[in-house]
K.L.:
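Have a look at this one before I ask anything.
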Amino acid sequence: MWRKLLSLNTRYIYLAIVVMVVIPVVLKVPLPTSPSEPTQKLFDHIDTLEAGDGIWFFLDTRPATTAIHRPQLHVLLHHCFSKGIKVVGFNPLAPEATGMGRPFIQEIAAQYGKQEYTDWAYMGYTPAGLAIFSAMSKDIKGLYSQDVTGKAFDEIPVLQQFRKYSDVGLVITLAGLKTPGYWVKYAQTPYKFPFASGVTGPMIADQFPFLNAGQMVGMMGGILGAAEYEGLLKKNNIRKQFGIASASMFVQTVVHYILVAIIILANIATFIINNQDKKDRQARAEARAKADSGIE
Amino acid sequence: MEIVSLWVIAFFSLCIFSYLYRNNPFYKFAIHVILGLMVGYMFLQQVTIGLEQLVVSPILEELGRPSPDAPDILIQRVLPLLVASLIFTIFVPERRWLSRIPIGLLLGYGMGYMLTKSLEADVFKQLNATLTQSITAISGDSIFRSRWPAWGQFLPGLSALTVIGLTIFYRFRMQHPTIRTIIYIALSLFICSLADSIMILVGVLTVLSYFFFSFERRGLVEEVSRVGLVFMMVYFGAVFGNTVLTRIQIFIGQVDFLIFKWLGGTWQALFRG
Amino acid sequence: MQTALPIILCSLTCLVLIISHFIPHEANTVVFSQIKGTWYAIIKVAGYAIATLAVLRSHIRRLQARTTDWQYSAVALVCFLVFPLTYLFDNIRENNALFATTTFSDTIDVSVLRGATVQLEPVAGETYSGKVFKIDGKKRRLTVKLDLAISDLGKSGQSLRIGEQSLQLSVGETIIIPSKLMVIKRKGLFFQGLGRPLSIKKDGVATSWVYDNVVSPLDTTMFALVAFYICSAAYRSFRVRNFEAGVLLATGIIVMLVNSPPTSLIWDGVFPAKTAVDQFFVDKALINLKDWLLAVPGQAASRAILIGGALGLVTQSLRVLFGIERSWLG
Amino acid sequence: MKIPNSRLLTLHRRSLCASRFLAAVSGLLIIALSLFGFIGIAAGAQQVTPKQVNVPTEMITVQPGQTLADLAEKYFGDRRQYKRFLEYNNIPDINTMKPGDRLQVPVNSNESTNSDQVAPNTKAGKSATPVTESTPTLAIAESTNQATFDSLQTAEVEAVPEMIPPTEVKANDVPNDAIKKGRGTIIITWTAPEDTTNVKGYHVWRKAMPDGNFEKITKKPLKLSKSEYLDKTATGGQSYVYQVASVGASGLPEAAEVVSASSKPAIAQGNWYNTKKSYLLLTIIIFSIITLYYMDRGMSGKDMFIRRIAALDTIEEVVGRAAEMGRPAMFVAGNDDPDTGSTMAAFSVFESVANYAVVTQTEVVVPVQKPIVDQVLRSSLRNIFTLAGRPDLFNEEDVTYEVDNQPAFIGIIGDSMAKYNPASVFYFGDFTYESMVFAEMGNNVGAVQVAGCENPKQTAFFIVGCDYCLIGEELFAAGAYLKRDVVQMATLLAQDRIKILAFLALLLGILISIFNPGKGNLVLDFLTF
């Protein structure tokens, strides 16, 4: 049996991976998560907003982290659109993200029948660098003359309501870069508005000082944060099913655990077989010795 | 049109994935389609447009001006074109050696550029970073101590005791690998509980000494280079383990696309659209 | 002669490049940027030309000889024609000309633009000059560091800042390139005069359709294959053969376990942090361990490998400089 | 067919003389160049400077076409008295006065010379004051027409008595730069006045040398804390003089300015040697000398020890395994251009792999991703067959250029692995994520794999996926080691010595900082740019 394990055809491993990935993704099998405190706080904050309020989100990220920020943005949008909250997106600090934002919103907006320009808008990149932090406290019209589709600023109704920090109920940055620190330092501290972040796994540890100081109302940490948020959406009957984040968290956990398990099993197998071989060899040597002596 | 593009993407993706079972005609077909496409793309991009923009267009433009700047255009356009076309002599067996001239120029350029750049960017910069870190933090920060304060208190003493104790023992059992290993671990615990920068310095020096070519690996050199190898193995293991997560996430994204966008989209188009 | 001449030329080029690194004088920048822009680029073009010939020749041979899998060579040869055809199709459709290089122009142009000073027109009627400092040909993006005067601030429809700033050019924006080397766009079958704008435009409809639906997805799919291979490789070769392999295995497993979230939960459940001595087993103990592995011993090893590799490269360059590295001669 | 092994392995000992000559020439050139650079710095430091004298003097600038004799006629009335300028100036070489050099001369009221005007053209109605005795260091050099002087002196007393201009205004060409688009950079430095109570900031004024007017080149006043300004708009080759004005603090008339004395003229020009990179040059020279020394030792047949490198020793065995099994060996040269270091290293490894393969009559399959790499590898293989005496066995198709696109090339490798079923596979050069894919594809067809990669991160995947792996610099050492060429081995020895230097530099730096904490660190300075 041990020998069979060691000479396992790699195709079975591939098949196992396909099964382990496809089934949970199709059935949206969730990883049972208990929401961590930052995620719960973020959810609670958005839950207190009312229909007609607005949030701004900032994609401070690169396409490489799409796999993390797409689910994060999706859970936020589900929450917002189901409550009638309006959404405006930007990526002034990360030019590479220009192409990412609008399709992400479109996917969810279609499900809730929300219209571009009246319920949401995506503004894209503007080359102002860190100057946006102060500019946005006054009026975003100074930064953007048109949105990412080329529609003029004045023709977009949703923008007329939400023109500065104090107009919106939450500013959230989905960051793959080191921007949450800048946001807290240059924008939240001087202008005082509800601020939150969604970050990648390695960045989570850096956010706790801001959370503890109350500079962030909440945080979504990595794909796990998105999964927790999906759990909260389900629990509060906002969405009927879990999304891709919960499913991929489940998949990740299963794949990692099974991988570790088979690595350890294979090592045990090697150890046992080596011992057996050693014994066999000894036995054979003894037998040969006996046989030799017998001949003599 | 969107459905067509979904099907095209899905078809090629599935063709590629089918290689996991074994090499098969679908995979070969998909790969050769891409090969043909990309060779055509490279031909367009690099050869046709490159030649036109680098040579033909500037020459015609220069000649069209009132007073053509002939020497400049000869040195910048015509001469390099002649030299570069020497590469085609590989088709003429007797003159094949001429093709080495443009290749030699290319390689000379690359290596000359590399020499100063890698000295500046890799050697000097990395040595500088190591040294700066060590100097500023000889009594400095340790993740070990700062994040596990309780352990940090007695870890240095414990590991130092282990090292001293075992070293005395080691004198009598010189070749015992387990004891040597324990000494290594205790020693590294001791060092890493002092300061991260010292650990990094030790790591850099031992790994560098792993690559000494002109000493026989015996005695001290062997011990030191083995420590270096351990450092490298820690790095390789950590990098490998850390990559699994992101790679699987990409595959999940691909599955998500295939199931919900491709199948779901087709379903919608057929029965609801 | 047959070996000496190429070696001497190679060594001399190498020497000239090294010397030029120490000369800040403008003569140096002119000469070397032009060598890079013309000599180097033209030799590369010749390389691609001969490579294309080689591919076509080898597939035609396979087709003629009816070797194994000759059918796929036929597929490749047919597909070779696809991009040139879509390119011509797009040009005729959009420009009424056969060879107007709007398609692909960004990809090739931008590499020629490296380090050039260009003028930007972010909004019609406003021009700013700046230096190209980052080029991403694949994503058709060009970043330009602007040389702004104080008086330019606030004037523009775009919000501009002085100093270290990059302006992202997206599709459709125009840059004007004063240098004659970089004039690219033209209309009709033939060439026009100087000073015309180069547009960063999308590929034509047909070309971009084929590229986006056949070529781009392949990259993601190939990348996704790594998920399978990384697992089978881990299973196959993470064995404790000796101490070093054990270290590799242990760090790999620790990092993998820490990356799956329930581990910390289980860990905290088993070892709740109640007393001060339990601090070792507090909340983030495993994550701390992973961070430490990557940040301290990992950094040391990667740094030393980089230093060693760079020294090896320097020696390699010196071998080329002194003319004793001759394996490239064949 | 049996080929004598020794003949193949001594392939690369040809024309050692030529390489020795080349090495010497290149080394000499580098050394000569560096000497030239250092002499250049030393020579640039010598300038004409004024002496302290007790007669009223003024500063003039030597114009193009003007000789010292011409000036002597103008100021002393006699062309032969040109040596009298030595009483007023320290002149390093009296025979080589350059246009733009500044001379101190006795005041010559009869002539209107090109002496520097002190008063800038300030805005009408606003007061502007030139330098006075309050800046003693400049007083000798910069006294002008007495009448103007007096009137301005009065004006100063009436308008802004407390404001003092900056002193020691100096203008110099910025070193280590070039003229770009006709523009160069000049750095202006000054010392802040002792009493800055009424000074809000500074303005910089500039005058193009022979007959320009003073123009203000700063748009806003510079901050008081500043003591230097980079004039980036200077035309290259043009001589300029500068003045720095103190700008009045609030309460005083808005643009009240007190102007300092003029600086000496400065010309923005490109420099021929970057002094900041001297350490790098020194390092390259040391490396070259060490390498040349060991090469020389190698050529003269001295014994050199290079230890056995286990991963490299296996290459021969791995090729041999393919021969035993009657299956081909595959060589992949990475995904980088031919002019990069790792691809160069791959070329030399390929030579040895192909040598072993030809000796053992193993077929070699070489799919290539980059153009020109295939040319090099093909002619290398052809050459090896020719030297083995069997040019007829060489097949052009053994080395095939496939496609310059990463995913497509990975796909082709997958197909080739299944098609040729290689018994041994070699990966040398630069790789990215395909490292893992290749290693597993190769393993699935049961090949023994050897890899060498410069990139530390991808090495991790090769370590896990392949049977043998070269780490970091072993890749660059591989070619030299496998060929057993004395001269190439010598460079490895040199590289080791260089590494010991780096090693010692680190230790020395640490020691210095332990025993001399908080002070300058020689090693750190050396490593900093």
Side-chain angles (χ1 to χ4, degrees), chain B residues 16 19 22-23 27-28 30-32 34-35 37-39 41-42 46 87 90 96 99-100 103 106-111 113-116 118-120 123-125 127-128 130-132 134-135 138 201 204-205 208-217 232-233 235-240 243 247, chain D residues 279-280 283-284 287 304-307 309 337-341 344 372 375-376 378-379 402-405 407-408 411-412 414-415 417-419 436 456-457 459-461 463-464 471-474 477 481 492-493 495-497 499-500 502-503 505-507 509-510 513-514 521 523-524 527-529:
Chain B
I16 301 298
Y19 183 78
R22 54 139 110 199
N23 197 13
Y27 173 79
K28 285 185 202 170
I31 281 302
H32 282 85
I34 308 287
L35 179 129
L37 285 178
M38 287 322 294
V39 173
Y41 192 82
M42 283 299 153
Q46 303 287 350
I87 209 168
I90 54 154
R96 198 173 267 144
S99 69
R100 292 166 181 172
I103 294 175
L106 197 72
L107 299 187
Y109 184 98
M111 297 313 287
Y113 182 77
M114 282 284 170
L115 186 128
T116 46
S118 62
L119 258 184
E120 226 172 43
V123 180
F124 275 56
K125 209 174 138 200
L127 283 176
N128 190 352
T130 313
L131 192 55
T132 320
S134 314
I135 288 171
I138 277 175
L201 181 72
V204 168
L205 292 180
L208 270 183
S209 59
Y210 177 83
F211 293 113
F212 279 135
F213 298 129
S214 56
F215 301 107
E216 190 67 82
R217 273 211 192 130
M232 285 196 279
M233 287 303 161
Y235 172 70
F236 293 142
V239 164
F240 190 93
T243 320
R247 298 295 180 267
Chain D
Y279 285 140
L280 186 68
T283 315
I284 294 180
F287 281 19
M304 275 182 297
F305 174 75
I306 295 288
R307 72 171 165 83
I309 303 172
D337 285 331
D339 55 324
T340 53
M344 281 291 268
I372 297 189
Q375 303 299 338
V376 174
R378 191 176 294 123
S379 59
E402 300 288 357
V403 57
D404 185 9
N405 174 266
I412 287 293
D415 185 29
M417 293 257 192
K419 198 156 93 185
M436 192 77 262
K457 200 172 170 189
T459 312
F461 299 110
I463 289 262
V464 176
I471 307 168
E473 65 192 283
E474 286 176 346
Y481 179 86
L492 288 191
L493 214 61
Q495 185 188 337
D496 245 23
R497 300 295 175 269
K499 208 181 305 153
I500 292 171
F503 206 98
L506 268 183
L507 287 180
I510 301 280
S513 68
I514 287 174
N521 192 323
V523 182
L524 202 58
L527 294 173
T528 315
F529 280 94

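Every chain is numbered from 1, with letters handed out A, B, ... down the list of sequences.
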K.L.:
Rounded at 0.5 Å granularity, tell me how far CD1 in B:Ile34 sits from CE in B:Met38.
P.N.:
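Separation between the atoms: 8.5 Å.
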K.L.:
Out of B:Tyr27, B:Tyr113, B:Tyr210, which one racks up the most heavy-atom pairs below 4.5 Å with chain D?
P.N.:
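Heavy-atom pair counts peak at B:Tyr27.
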K.L.:
Do D:Lys457 and B:Tyr235 have side-chain heavy atoms sitting under 4.5 Å apart?
P.N.:
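The answer is yes, as the side chains (C-beta and beyond) meet within the 4.5 Å cut-off.
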K.L.:
With chain D, which of B:Gly237, B:Ser214, B:Gly110 has the greatest number of heavy-atom pairs at distances under 4.5 Å?
P.N.:
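Sorted descending by pairs with chain D, the first entry is B:Ser214.
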K.L.:
Among D:Gly414, D:Pro338, D:Pro407, which residue forms the greatest number of heavy-atom pairs with chain B at distances under 4.5 Å?
P.N.:
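That would be D:Gly414.
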K.L.:
Check the pair B:Ile31, B:Ile16 against side-chain contact (heavy atoms from CB on, under 4.5 Å), reporting the backbone distance first and the verdict last.
P.N.:
CA-CA 8 Å; B:Ile31 281 302; B:Ile16 301 298; 4.0 Å; yes
K.L.:
So which of B:Leu37, B:Thr243, B:Thr130, B:Val123 has the largest heavy-atom pair count under 4.5 angstrom toward chain D?
P.N.:
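Between B:Leu37, B:Thr243, B:Thr130, B:Val123, the count favours B:Thr243.
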K.L.:
So which of D:Ile306, D:Val523, D:Asp496, D:Leu507 has the biggest tally of heavy-atom pairs under 4.5 Å with chain B?
P.N.:
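Looking at each of D:Ile306, D:Val523, D:Asp496, D:Leu507 in turn, D:Asp496 comes out on top.
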K.L.:
Can you tell which part of B:Leu208 gets under 4.5 Å to a heavy atom of chain D, answering side chain, backbone, both or neither?
P.N.:
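Contact with chain D involves both backbone and side-chain atoms of B:Leu208.
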K.L.:
Please step through side-chain contact (heavy atoms from CB on, under 4.5 Å) for the pair D:Gln495 and D:Glu473, ending with a clear verdict.
P.N.:
CA-CA 10 Å; D:Gln495 185 188 337; D:Glu473 65 192 283; 2.7 Å; yes
K.L.:
Under 4.5 Å, counting heavy-atom pairs only, tell me which of D:Ile471, D:Ile309, D:Thr340 racks up the most with chain B.
P.N.:
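Heavy-atom pairs under 4.5 Å are most numerous for D:Ile471.
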K.L.:
Measure distances from B:Leu35 to the heavy atoms of chain D and classify the residue's part below 4.5 Å as side chain, backbone, both or neither.
P.N.:
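Both parts, heavy atoms under 4.5 Å.
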K.L.:
Tell me which of these, D:Leu493, D:Leu492, D:Val464, has more heavy-atom pairs under 4.5 Å with chain B than the rest.
P.N.:
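Option with the greatest count: D:Val464.
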K.L.:
For B:Phe213, does the six-membered ring have the charged nitrogen or CZ of D:Lys499 within the cation-pi criterion, i.e. under 6.0 angstrom from the centroid and within 45° of the normal?
P.N.:
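Yes, D:Lys499 lies over the aromatic ring of B:Phe213.
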K.L.:
Is chain B contacted by the side chain of D:Ile463, its backbone, both, or neither, given a heavy-atom distance below 4.5 Å?
P.N.:
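When you check distances to chain B, only side chain atoms of D:Ile463 fall under 4.5 Å.
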K.L.:
In terms of heavy-atom pairs under 4.5 Å, which option from B:Arg22, B:Arg96, B:Met232, B:Met233 contacts chain D the most?
P.N.:
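Among B:Arg22, B:Arg96, B:Met232, B:Met233, the one with the most close pairs to chain D is B:Arg96.
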K.L.:
Shorter than 4.5 Å, heavy atoms on both sides: which option in B:Met111, B:Lys125, B:Met114 has the most such pairs with chain D?
P.N.:
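Winner by heavy-atom pair count: B:Met111.
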K.L.:
Check the angle between the aromatic planes of B:Phe215 and B:Phe212 and answer parallel, tilted or perpendicular using the 30° and 60° thresholds.
P.N.:
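Aromatic pair B:Phe215/B:Phe212 classed perpendicular.
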K.L.:
What residues, two or more places apart in sequence or in another chain, satisfy ring pair (Phe, Tyr, Trp, His ring centres under 6.0 Å) together with B:Phe236?
P.N.:
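Scan of B:Phe236 (ring pair (Phe, Tyr, Trp, His ring centres under 6.0 Å), adjacent residues dropped) gives none.
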K.L.:
Is B:Met42 in contact with chain D via its backbone, its side chain, both, or neither, using a 4.5 Å heavy-atom distance?
P.N.:
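Contact with chain D involves the side chain of B:Met42 alone.
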K.L.:
Nearest 0.5 Å please: distance from the CG atom of B:Asn23 over to the CE atom of D:Met417.
P.N.:
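B:Asn23 atom CG to D:Met417 atom CE measures 11.5 Å (nearest 0.5 Å).
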K.L.:
Name the region of D:Leu506, side chain, backbone, both or neither, that has any atom closer than 4.5 Å to a heavy atom of chain B.
P.N.:
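Both parts, backbone and side chain.
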K.L.:
Name the member of D:Leu524, D:Thr459, D:Val376 that forms the most heavy-atom pairs with chain B at distances under 4.5 Å.
P.N.:
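If we count pairs closer than 4.5 Å to chain B, D:Leu524 comes out on top.
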K.L.:
Is B:Tyr19 close to chain D through its backbone or its side chain, or both, or neither, when contacts mean heavy atoms under 4.5 Å?
P.N.:
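The side chain, not the backbone.
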K.L.:
Checking heavy atoms, do the side chain of D:Glu402, its backbone, both or neither come under 4.5 Å from chain B?
P.N.:
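Looking at D:Glu402, backbone and side chain both touch chain B.
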K.L.:
If I take atom OG1 from residue B:Thr116 and atom CD1 from residue D:Ile284, how far apart are they, to the nearest 0.5 angstrom?
P.N.:
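Between B:Thr116 OG1 and D:Ile284 CD1, I get 6.0 Å after rounding to 0.5 Å.
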K.L.:
B:Phe124 and D:Thr283: side-chain contact (heavy atoms from CB on, under 4.5 Å), yes or no, with the steps?
P.N.:
CA-CA 10 Å; B:Phe124 275 56; D:Thr283 315; 3.2 Å; yes
K.L.:
In terms of heavy-atom proximity below 4.5 Å to chain D, should B:Ile87 be classed as side chain, backbone, both, or neither?
P.N.:
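For B:Ile87, the contact with chain D is made by the side chain alone.
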K.L.:
Report the option among B:Val239, B:Leu106, B:Leu127, B:Leu205 that has the most heavy-atom pairs separated by less than 4.5 Å from atoms of chain D.
P.N.:
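With the most close heavy-atom pairs to chain D, the winner is B:Leu205.
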K.L.:
Would you mind telling me which of D:Phe461, D:Tyr481, D:Phe503 has the largest number of heavy-atom pairs within less than 4.5 Å of chain B?
P.N.:
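Most pairs with chain B among the choices: D:Phe503.
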